[in-house]
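So the structure is just underneath, and the comments pick up after that.
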Amino acid sequence: MRRRSPAALLRKWNTPAIAQRLLGASLVRRWHGKTTVYPITEVEAYDGFDDLASHASRGRTKRNALMFGKAGHWYVYFTYGMHWMLNIVTGPKDYPAAVLIRGAGDISGPARLTKQLHITGALNGRSASPQSGLWLVLNDPPRKKDIIRTPRIGVAYAGPVWSKKKYRFVRKHRV
DNA sequence: GCAGTGATCATA
DNA sequence: ATGATCACTGCC
């Protein structure tokens, strides 16, 4: 099949839908002249102003400003004093949303993913395009029955409603 | 079960 | 300026 750019997909409003569609996409990394393709296996949606699990829920700050920006850019932040987290910014401009990429290829866990792919703050704010060395390509969308929906990981602080939203999506079968 | 590790943000 | 927190991992 023809590989399509996900630019139009990422601009949409429905972040959980985008996240699920990205389970039918691959992360492509170019590093030291070698290009490797990692089919995405696990994602989480962080959606809008009201999502108490989202960095954007308490308004715009220096760190989260990218979430309010243009879709299709990487939002990479540092946490727990040692881990980088990789997100793709989604939604229209001024609507804060992103999809956290938690697993791809054989790699499980968002910090392991960034470590293995050499992803750091150097990519923060860069466009998801070959120029940045890290981009996305769309494959066939996953079937609905091949997607597991669960609450997001590590967001107990988000209160009874938002910590339980089923905004984590895992692909059942390897692609 | 919990230590590690340091940027970020709210509070002052 | 200070202190709590953290979209995690690895080892106990």
Side-chain angles (χ1 to χ4, degrees), chain A residues 6 9-10 12-27 29 38-92 94-128 132 134-136 142 147-171:
Chain A
L9 167 74
L10 298 174
K12 292 179 187 294
W13 282 99
N14 190 331
T15 314
I18 297 170
Q20 288 172 82
R21 181 63 185 86
L22 288 178
L23 290 178
S26 294
L27 193 57
R29 179 59 161 148
Y38 303 86
I40 294 173
T41 58
E42 180 183 351
V43 292
E44 284 176 1
Y46 290 84
D47 187 24
F49 300 90
D50 302 331
D51 180 356
L52 293 179
S54 169
H55 291 164
S57 68
R58 282 181 301 241
R60 187 191 296 244
T61 66
K62 188 175 178 185
R63 177 177 67 164
N64 70 21
L66 277 163
M67 290 186 75
F68 294 77
K70 209 175 153 209
H73 289 245
W74 298 116
Y75 170 42
V76 184
Y77 69 89
F78 191 65
T79 191
Y80 291 106
M82 53 190 114
H83 301 307
W84 293 101
M85 297 286 116
L86 175 67
N87 299 256
I88 187 74
V89 175
T90 62
D94 296 323
Y95 181 80
V99 173
L100 171 67
I101 301 179
R102 297 184 55 91
D106 293 330
I107 309 160
S108 179
R112 292 182 191 160
L113 177 76
T114 55
K115 190 175 177 187
Q116 290 207 36
L117 273 62
H118 306 99
I119 291 164
T120 69
L123 274 160
N124 193 36
R126 302 289 306 277
S127 169
S132 70
L134 184 69
W135 67 101
L136 297 164
I147 299 175
I148 301 167
R149 300 164 24 113
T150 81
R152 293 168 288 184
I153 305 293
V155 297
Y157 60 86
V161 174
W162 290 95
S163 69
K164 290 182 182 129
K165 290 254 183 202
K166 294 189 174 176
Y167 277 6
R168 172 170 173 256
F169 306 99
V170 185
R171 201 171 167 134

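So you know, we letter chains A, B, ... as the sequences are listed, proteins then strands, and number each from 1. Side chains included, hydrogens not; waters and symmetry mates left out as well; all remaining heavy atoms used.
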Please determine, for B:dT5, whether a Watson-Crick or G-U wobble partner exists with both distances under 3.5 Å, and give it or none.
-> none

Just do the side chain to side chain contact (heavy atoms under 4.5 Å, CB included) check on A:Val99 and A:Tyr46 with the steps written out, would you?
-> CA-CA 6 Å; A:Val99 173; A:Tyr46 290 84; over 6 Å; no

Taken to the nearest whole Å, CG/A:Leu113 to C1'/C:dC8 is 13 Å

Return the nucleotide paired to C:dA7: Watson-Crick means purine N1 to pyrimidine N3 with N6-O4 or O6-N4, wobble means G-U with N1-O2 and O6-N3, both under 3.5 Å.
-> none

Between A:Arg29 (side chain) and A:His118 (backbone), is there a donor-acceptor pair under 3.5 Å?
-> yes

Separation of C:dC8 atom P from A:Leu100 atom CG, nearest Å, is 7 Å

Grab the OH-P distance between A:Tyr77 and C:dC8 for me, whole Å please.
-> 6 Å

Would you check if A:Tyr77 and A:Asn87 make a side-chain contact, meaning some heavy-atom pair closer than 4.5 Å?
-> yes

Using a cut-off of 4.0 Å on non-hydrogen atoms, how would the nucleic acid contact of A:Met82 be classed: base, sugar-phosphate, or nothing?
-> base

Parallel, tilted or perpendicular: which fits the ring planes of A:Phe78 and A:Trp84, with parallel below 30° and perpendicular above 60°?
-> tilted

If you measure from the P atom in B:dA3 to the same atom in C:dA4, how many Å do you get, rounded?
-> 16 Å

A:Tyr80 OH to C:dC8 P, straight-line distance once rounded to whole Å = 5 Å

Below 4.5 Å, heavy atoms only, C-beta onward: do A:Arg60 and A:Phe49 meet side chain to side chain?
-> no

Tell me yes or no: between the side chains of A:Asp106 and A:Tyr38, is some donor less than 3.5 Å from an acceptor?
-> no

Grab the two heavy atoms, one from A:Tyr75 and one from A:Asn64, that are nearest each other, plus how far apart they are.
-> OH-CA, 3.9 Å

Rounding to a whole Å, what distance do you find between A:Ile119:CD1 and C:dA7:P?
-> 18 Å

Give the rounded distance in Å between these two atoms: NZ of A:Lys164 and P of C:dA7.
-> 18 Å

Is there a residue in residues 50-66 of chain A whose heavy atoms reach under 4.0 Å of DNA chain B, and which residues are they?
-> A:Thr61, A:Arg63

Does any N or O in the side chain of A:Arg102 come within less than 3.5 Å of the main-chain N or O of A:Glu42, such that one atom is a donor and the other an acceptor?
-> no

For the side-chain contact (heavy atoms from CB on, under 4.5 Å) test, which of A:Leu100, A:Leu117, A:Thr120, A:Thr114 pairs with A:Leu86?
-> A:Thr114

Chain A vs DNA chain B, heavy-atom contacts under 4.0 Å, first-to-last nucleotide span, 5' to 3', is B:dG4 to B:dC9

What is the distance, rounded to the nearest whole Å, between atom CZ of A:Arg112 and atom C1' of C:dC8?
-> 9 Å

